[in-house]
Amino acid sequence: MSRASRSAVLSVLALAAALALPAAGPPAPARAAVHHTGDEAAVLGEDHARTHARLRRAAQGTQGYPQSRRTASLAALEGSQRRANAGFDPARFGRFTRFFPSPDFGVHVALLPTGKVLLFSFERVEADPTKETGPTNTVGRTNAGRAWLWDPAAGYGARAFKNVPPPVVLVPDGTYSPRPAPFFCAGHSYLPNGMVGVFGGNVGGKGGSGARLSFVFDPWTEKWFRNRDMAVGRWYPSVVTGPDGRQVIMSGQSERGTGTPTPVVERFPALGHRVPWRPYDIPVDVPAERLRSDAPFRNDYPHLFSLRDGMIYGLGRDADQQWLFDPVEDVRRDLPRRPADFRGYGSAVPLPAGFRGPDSVLVLGGDPRDPHTYRLSGGRWSTEEPRAFGRTQDGTLILPDGTLLTVNGALDTRDYGHGPFNPKADPKYRQIELRDARGRWTLGPAQRLPRGYHSNALILPDGRMMVTGDELQQIANDPDIKDGMDGSIELYEPAYLHRGARPALDRVPAGDLRYDSAFQVSSSTAKDARRAVLLAPTTVTHSVNTSQRHLDLRMTGVQGDRIGLRTPPSAADAPPGHYMLFLLDAKGVPSTAKWIKLGVR
C-alpha cells in the first residue's frame, strides 16, 4: 500500500468507525458486500462503497477483539520472552533481537538475489483473530492478493517496505470482477535468473478452489509478469526447480474445491521455450506443459526435492505416498513407505553432504504426537534423533555452518494448544530447536509471538534469521490494528554471530560460473578462512521449502588476499541460479554473504 493509499484508508477508517454496525449480531457475509453496497454506491462510487463495507466489517472485528486486548497481549509476550531468554547464553544459543511491524502477513516469503525479501499474502476480511482472517471462501473483489518488498538495508520502519501489487486479473468465479491476483496459498521456486515463479491461487468458494494463475516476480525490475494459465487450477501446490532450471509443479486443490487435489504434473517453461537465464530474460505469456507422469497425492503441499542424482523426490504427507520422479524420462517410481503415519504441515530439509549436492532428506514435524525425525537416504528410511516435542506448522532451516534450526510451530492448524482460533498458545511452541553437526537437538530461546499456520522463516545474507507469518497471531498482537501494518517480522542472531569478529568476503566473480571450474574470491582475512560454503536462498510457505541447499566448496589455495575455490561438480548437485557464498573461520563464524551465479547457458 502506497503512502497516499494508506492515508486514504486511514481517512476511510475514521468514517468507518462512525458508520460501524452495532456489535450485536454476526457480520455481514463477505459475498454480500460484493453485490449489496446500498445507497453508498450512488454517492461514493462502487469501489469506495465496497471499501466502506469491508472496513465496517473490520470495525466489528475490533469491537469483538478490542485494541486494548491486542496491546496487552503483545506486552505480555514481550515480558515472558525477556524472562524466558535471560538464561540463554547468546554464544551457545543465539538470541532474538528486533521485532517490528510489516505491511504484509508473510504467508509467502522469498529471499531475492538483490538482498530484498518478497512477502505476499491476501487482503484480510476479518480483524478478529478468533475468526478466519483471509478470504478463503470469498467470491468477488475482496478475494484479492497483495505483495511487498522489505529491504533490510533500509532498516525496520515503514520506509523499508515497497508495495509491489500483483497484476489485476479477472477471476472465473462468476463475478469476473477485476482485482489484484488472489495468488495466496500458491506454490513457488526460483528460476536460474533469480526470478520467482508463482503458480496457482484461490478462486474462492467451495472451501477454497484452485486458480490456474502463473506469474514470475522479477527482482531486478521489482515487477510481476503474467504467463499463460496452467492446464489445471491449483490451490496449495508445490514447485521445485530441477537441474535444467525448469520448474516442476505438482498437486494443489483443483477448481472443484477443497478435497480434490489434482494429479496433473506440469513443467515451466514448456520444452521448446527458453529457460530464463539472464536478468533481462523475462518470461511473459510463456506456457507450462503437462507431463505424462502423474502425482496422485491425496493431500496438498507435498515436499519436493531435486537431489544430486537429478531425480525429484516427492514426499507426500501420507506415509504410503513417497515417490521418485525422473524429469527427463518423465516417469514416476515408488519409494518405500515412510515410518510413522500421516503428517500435516511439517518441515523437511535436504541434508548437507559436503562438496556434493544433497543425497538425503530429513523429514520432521507435522505430527504433534511424534518428536522423531526421519531420514530418507539411499532409498531407505531410518528413524533419527527426536526433537524435544512434536509440533506442526514448523520451519527448519540450514544455517551457513551446516547445522539446522527449527522455529515456529503449533499443535495443529490454528490450534496452539487451547483449541482452534484461540490466540493463547502453549509456551513451548515459541522455543527454537538447534541440531548440531552430530545430529543432536537442543532447545533454545523463545521468539516473541507464537507462530503456527502460515508462519515462515529464512536466512538473510548477513547470517541472521528472519521470522514472520501467521496472520492469526499477528492481528491478535497488533499494536495498532488500524494503521495498515498488519504483519510483523522478528530477527534472530545465531550463536555464530556472538563468537568474535567475522571473516571478510570482499569480492566475488560477477559473471556466470561454470560447474566444476576454478574461481577466486578476495578477502582481507583470507588466512583465517577455513570453509567456503554455498547456501541457496529460501522461498517458503506452509512449511514447504523446496529451494534450500547447502554445499561446501573445495578450497584450492590461499595467496595473499586471494582464495582459490572450485564450483560444485554439476547442475544436479546445485541447480543453476543464485547462491549466497559465505566464508567461515575456525569457530564457524560466517562472513556476510555475497551472491554468485552458477551455470552457463
Output field: ring centroids [X]/[Y] closer than 6.0 Å:
| X | Y | answer |
| --- | --- | --- |
| F217 | W224 | yes |
| Y236 | Y301 | yes |
| H578 | W220 | yes |

- So W323 and F325, would you call those rings parallel, tilted or perpendicular, with 30° and 60° as cut-offs?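 It falls in the perpendicular class, over 60°.
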- Whether F120 and H188 hold their rings parallel, tilted or perpendicular, with breakpoints at 30° and 60°: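 Perpendicular: the ring planes of F120 and H188 meet at over 60°.
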Have [X] and [Y] got a donor and an acceptor in their side chains that come within less than 3.5 Å?
| X | Y | answer |
| --- | --- | --- |
| D318 | N299 | yes |
| T396 | T406 | yes |
| S543 | S347 | no |

- Message: Using a 6.0 Å distance limit plus a 45 degree cone around the ring axis, check whether R317 lies over the aromatic ring of Y345.
- Response: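 Satisfied, under 6.0 Å and within 45°.
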- Item | Pair E490-R98, salt bridge (charged side-chain N to carboxylate O under 4.0 Å, His left out): steps then yes or no | CA-CA 6 Å; E490 188 165 12; R98 290 189 176 270; over 6 Å; no
- Task: Decide, yes or no, whether a salt bridge links R267 with E289 under the criterion of side-chain N to carboxylate O below 4.0 Å.
- Result: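 The answer is yes: the pair qualifies as a salt bridge.
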- Message: So that I can tick it off, tell me whether R464 and D462 are bridged by a salt bridge, with the cut-off set at under 4.0 angstrom between side-chain N and carboxylate O.
- Response: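 Salt bridge present between D462 and R464.
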- Message: I'd like to know if the side chain of R531 reaches the main chain of L584, judged simply by a donor and an acceptor atom lying under 3.5 Å from each other, with no hydrogens or angles considered.
- Response: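 Checked: no pair found.
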- Task: Apply salt bridge (charged side-chain N to carboxylate O under 4.0 Å, His left out) to D585 and K587, showing your working.
- Result: CA-CA 5 Å; D585 66 14; K587 296 180 181 178; over 6 Å; no
